[in-house]
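Report on the following structure.
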Amino acid sequence: MEKKKRELLLQGNEAVAEGALAAGCRFFAGYPITPSTEIAEYLSQKLPQVGGVFVQMEDELASMAAVIGASLAGAKSMTATSGPGFSLMQENIGFACEAEVPCLVVDVMRGGPSTGLPTSPAQGDVMQARWGTHGDHPIIVLCASSVPECFHMTVRAFNLSERFRTPVILLLDEVVAHMREKITLPLPEELEIIDRVRPTVPPEWYIPYEDNASGVPPMAPFGEGYRYHVTGLIHDIRGFPTSRSDEIGPFFQRLFRKISQNFAEIHMSETFEIEDAEITVVAYGSVARSAKRAVLEARQRGIKAGLLKLMTLWPFDRPAVERVARGSRVLLVPEMNMGQISREVKRVNNGVCTVVTLNKVDGTLITPDEILKRITEVYQDERDN
Amino acid sequence: MREITKLIHKYLRHDKKFPHVWCPGCGNGIILGALIRAIDRLGFTKDEIVLVSGIGCSGRLPVYVDFNTLHTTHGRALAFATGIKLAKPELTVIVIMGDGDAMAIGGNHFIHAARRNVDLTAIIFNNSIYGMTGGQYSPTTPYGMRASTAPYMNIEHDFKISELAVTAGAVFVGRGTVYHARLLDSLIEKALLKKGFGIVEVITHCHVQYGRQNKLGSAVDMMKWQRDNAISVEKAEKLSPEEKRGKIIIGVLVDRELPVYQDEYERIKERAKVSTVRGR
């Protein structure tokens with residue numbers, strides 16, 4: 001009998017929870033915060049049904065710590081939060097980067113800083129997602145713009161985190177998190193699920209942080225014979241703290257190399273009507289939805305507009321932006337912040353074409369009309385020049 | 001080599017670059033010895049044990065021993081341990097913390113771990129000072145004492161770690177000192193056997209920071225102070241509050257039965273199998 005696919009009307013937060021379950025997540029620790037709470041609520045119901053653990057911790061510091069502990073014990077684990085909670089999680093996100101513990105952090109962006117605008121959309125955490133924790137570290141940050149993407153990007157985020165032994169941050173904005181759309185959930189066999197590489201050598205041969213071609217050392221769960229040390233201190237290949245520069249240097253090089261040599265696998269973007277585009281909108285999250293509509297309407301008015309939708313925000317998708325910069329006269333970067341990704345676009349563009357911004361931080365989403373208006377203005381300016 | 005030393009050696013990581021970070025005369029090694037003896041006597045395998053620590057002198061303990069070991073961030077050890085225990089309940093998870101670690105930066109995690117009653121054993125090294133950073137006052141530095149950030153005197157009042165654990169819901173609370181090493185062995189053993197959140201508070205000395213700044217003498221002098229000022233729980237019951245003032249009451253302060261989180265969670269899993277909430 002052919003298995004029937006489930007068709008559901010879900011909000012983005014719920015789709016994240018479904019994606020997590022499909023990816024094999026069996027541990028969630030979190031603290032209630034708007035506008036992310038539905039992820040916790042949904043998983044508090046579903047995780048016990050599949051033998052997983054849901055625990056509500058005393059704060060976000062503890063939530064992130066518990067998520068890392070569970071991952072070290074072998075569980076795929078996650079948390080979900082919003083700006084203020086994301087700030088509190090930064091301490092242990094750094095620990096997970098340093099000790100190379102796979103896990104997922106979903107940050108549903110609301111207006112900030114501080115308590116900010118708890119129920120309003122924003123995209124103000126883009127830079128915090130990249131540099132929120134102290135010290136040099138690589139990180140992978142994805143951003144979803146629709147309910148189906150919330151599902152698939154959650155699966156992908158878990159896959160990347162397991163593959164590269166790194167925390168992965170999935171950014172949603174409040175619009176995407178609370179918007180309801182139809183989603184057809186794929187059958188389990190249709191999904192690619194990646195699990196962390198485990199050691200195949202006997203325990204006495206296991207060197208927990210030894211370099212290899214992938215830069216990603218096999219990871220043993222606690223309690224299965226591979227007794228080793230995990231620390232937030234910079235460590236040698238055995239996991240023991242070190243202050244020797246000939247061990248510290250290689251540690252950092254490997255930490256960065258395991259991500260940088262796999263940019264092509266990590267980067268993900270979509271393009272729309274960019275072949276002949278003179279003005280290309282570079283957008284992400286819910287803004288990319290408005291941008292697509294604006295591009296269509298601009299085309300109807302005879303303006304050759306296109307869209308580059310960024311789905312991987314960090315490491316920044318330099319090749320994708322360079323490609324559209326070479327083909328366009330103008331790049332327009334609309335964002336619900338004062339200009340976080342636009343700085344990166346300008347850096348990568350490096351003077352090839354004109355980069356203009358559309359920044360909005362009034363607690364409302366950016367509409368197609370606003371982007372269309374900006375496209376039209378820019379188009380006029382370029383023609384007048 | 002004496003038998004007792006041989007036993008310790010069996011559990012040390014010989015590939016770790018000794019010497020350890022602790023000062024000569026430090027009490028931390030005595031606590032480590034007691035912990036190893038308790039684990040050995042109870043017959044745990046090395047693979048079953050996870051040692052989780054926070055930051056500070058105590059935080060360095062796990063690296064020296066051949067268990068699954070995790071050196072976490074300051075104050076958060078109990079939260080990491082909660083994740084490990086809930087994800088893999090068959091592991092025996094022991095948490096090592098200092099007084100600043102457990103009471104200041106990790107105070108919230110401490111009371112909630114006690115309230116939640118996850119099956120963890122916490123051993124808290126109480127030396128009344130931040131030793132590693134150079135002798136600043138901690139939440140257990142007594143009023144009137146000196147520290148490098150209280151050069152005139154400490155005007156804050158100290159937390160009573162064990163009493164706080166009792167109030168917050170810990171099912172086992174024991175207090176010992178590094179002078180009373182045999183008692184310490186048995187307290188840790190009892191805490192490990194107890195299902196639920198148990199703590200052992202260990203009064204230890206930091207002669208290098210706390211002792212020096214308060215003119216309390218050498219490590220030996222400070223251990224003699226522990227000997228002379230500790231009274232057993234049994235003896236304390238017969239004393240008036242005035243007679244108990246300034247004394248350290250050692251022994252088992254609480255040993256009680258309360259529902260353990262994992263057992264309760266198993267019931268949730270059973271419920272979840274048969275019912276659907278809101279039709280999802």
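Lettering of chains follows the sequences in order, A, B, ..., and the numbering in each one begins at 1. Every heavy atom of this structure was used, including side-chain atoms; hydrogens, water molecules and symmetry mates were not.
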Structural part of A/Ala75 lying under 4.5 Å from a heavy atom of chain B: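 Answer is side chain: those atoms of A/Ala75 sit under 4.5 Å from chain B.
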
Contacting moiety of A/Pro241, where chain B heavy atoms sit under 4.5 Å: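 A/Pro241 touches chain B through backbone and side-chain heavy atoms alike.
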
Give the member of [options] that has the highest number of heavy-atom pairs under 4.5 Å with chain A.
options                              : value
B/Thr82, B/Thr45, B/Leu86, B/Val63   : B/Val63
B/Asp66, B/Thr72, B/Ile268           : B/Asp66
B/Arg60, B/Arg116, B/Lys85, B/His112 : B/Arg116

Enter the distance from [X]:[atom1] to [Y]:[atom2] here, rounded to the nearest 0.5 Å.
X        : Y        : atom1 : atom2 : result
A/Phe222 : B/Phe67  : CZ    : CZ    : 13.0 Å
B/Arg13  : A/Arg238 : CZ    : CZ    : 9.5 Å
A/Leu61  : B/Arg76  : CG    : CZ    : 4.5 Å

Heavy-atom side-chain proximity of B/Asn68 to A/Tyr226 below 4.5 angstrom: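 Side chain of B/Asn68 against side chain of A/Tyr226, heavy atoms only: no contact under 4.5 Å found.
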
Sub-4.5 Å side-chain heavy-atom contact between B/Thr69 and A/Val230: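 When only atoms from C-beta onward are counted, A/Val230 and B/Thr69 do not touch, as no gap falls below 4.5 Å.
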
Is it true that atom [atom1] of [X] has more than 12 heavy atoms of other residues, nucleotides or ligands lying nearer than 6.0 Å?
X        : atom1 : result
A/Arg180 : CZ    : yes
A/His134 : NE2   : no
A/Tyr228 : OH    : yes

Neighbourhood of chain B inside residues 50-58 of chain A, taking heavy atoms under 4.5 Å as contact: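 The list, in residue order, reads A/Gly51, A/Gly52, A/Val53, A/Phe54, A/Val55, A/Gln56, A/Met57, A/Glu58.
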
Neighbours of chain B found in residues 90-105 of chain A - heavy atoms under 4.5 Å: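 Answer by number: A/Glu91, A/Asn92, A/Phe95.
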
Which atom of B/Lys88 lies closest to which atom of A/Pro221, heavy atoms considered: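 So the two residues come closest at NZ-CB, 3.9 Å.
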
Which atom of A/Leu47 lies closest to which atom of B/Tyr265, heavy atoms considered: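 For A/Leu47 and B/Tyr265, the tightest heavy-atom pair comes out as C-OH, 4.5 Å.
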
Residue, of A/Ile68, A/Thr242, A/Leu8, that accumulates the most heavy atom pairs under 4.5 Å with chain B: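 With the most close heavy-atom pairs to chain B, the winner is A/Ile68.
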
Full working for side-chain contact (heavy atoms from CB on, under 4.5 Å) between B/Lys273 and A/Gln49: CA-CA 5 Å; B/Lys273 276 180 199 155; A/Gln49 291 175 350; 5.9 Å; no

Ion pair check, A/Arg227 and B/Glu48, cut-off under 4.0 Å: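 Looking at B/Glu48 together with A/Arg227, the answer is no, because their closest N to O distance does not fall below 4.0 Å.
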
N/O donor-acceptor pair under 3.5 Å between B/Asp47 side chain and A/Glu224 backbone: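 Here the side-chain-to-backbone pair does not exist.
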
